[in-house]
Amino acid sequence: MTAPLPALTPEQVLVLPAMPSAKQAFAAMNISEGTGYALIRLNEFPIEVLEFGRAKRVRKTDLLAFLGLTHTAAAEVQSAAAANADGAPGVQPEAPSEQPAPTSASK
């Protein structure tokens, strides 16, 4: 069996894309590629693996749930929402909207 990939920290797992690769999932779970692919072949990998041609991907939500990080992810979303409670960044609720300058074609 091959050695485990460098394990990912919870912070690194939280910033993975929505559909991380199987190798990224293995690193998040701190298992070797050999073990991970063997579990996939045996249909015993603990989360659903989606195949796109030869590429194997997992859903980030499934990975977070398996690792018990769903509460951490939810807390980060709530924290970001609270920090941005006034609306979109840089937008003031009562600010006038910009209008395009009239051109000679619009007269």
Side-chain angles (χ1 to χ4, degrees):
M1 293 276 161
T2 58
L5 299 168
L8 298 180
T9 65
E11 293 78 20
Q12 291 171 317
V13 174
L14 291 172
V15 297
L16 287 173
M19 296 286 291
S21 68
K23 288 183 182 182
Q24 290 171 314
F26 304 156
M29 299 165 75
N30 198 25
I31 61 173
S32 71
E33 285 184 50
T35 299
Y37 285 121
L39 290 171
I40 291 171
R41 274 192 307 277
L42 295 170
N43 243 4
E44 293 184 10
F45 198 69
I47 55 180
E48 183 180 9
V49 177
L50 305 167
E51 295 187 22
F52 300 97
R54 292 178 50 162
K56 293 178 178 14
R57 303 245 174 214
V58 299
R59 289 182 189 90
K60 181 178 176 180
T61 53
D62 294 344
L63 182 60
L64 292 175
F66 176 78
L67 296 173
L69 294 175
T70 50
H71 295 298
T72 304
E76 284 193 4
V77 169
Q78 288 176 346
S79 173
N84 191 22
D86 296 331
V91 175
Q92 299 171 359
E94 301 302 321
S97 63
E98 291 184 27
Q99 299 294 321
T103 63
S104 59
S106 64
K107 289 184 179 178

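Every heavy atom of this structure was used, including side-chain atoms; hydrogens, water molecules and symmetry mates were not.
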Atom of A27, atom of P6 and distance for their closest heavy-atom approach: CB-O, 3.6 Å
Which pair of heavy atoms, one from I31 and one from G36, lies closest together, and at what distance? CD1-CA, 3.8 Å
Can you tell me how far apart CG (D62) and OG1 (T70) are? Round to the nearest 0.5 Å. 11.0 Å
Is there a side-chain contact between M29 and L8 (heavy atoms, below 4.5 Å)? no
Selection residues 28-48 - residue pairs positive for ring pair (Phe, Tyr, Trp, His ring centres under 6.0 Å), sequence neighbours left out: F26-Y37, F26-F45
Taking the side chain as C-beta and beyond, is there a heavy-atom pair between L16 and L64 under 4.5 Å? no
Between I40 and A22, what is the shortest heavy-atom contact and its length? CD1-CB, 4.3 Å
Using 0.5 Å steps for rounding, measure from the NZ atom of K60 to the CD atom of Q24. 10.5 Å
Donor-acceptor pair, side chain of K23 and main chain of K56, under 3.5 angstrom: no
Which residues pass the side-chain contact (heavy atoms from CB on, under 4.5 Å) test with T61, sequence neighbours left out? R59
Remaining members of the apolar cluster that contains L50, side-chain heavy atoms under 4.5 Å: M19, F52
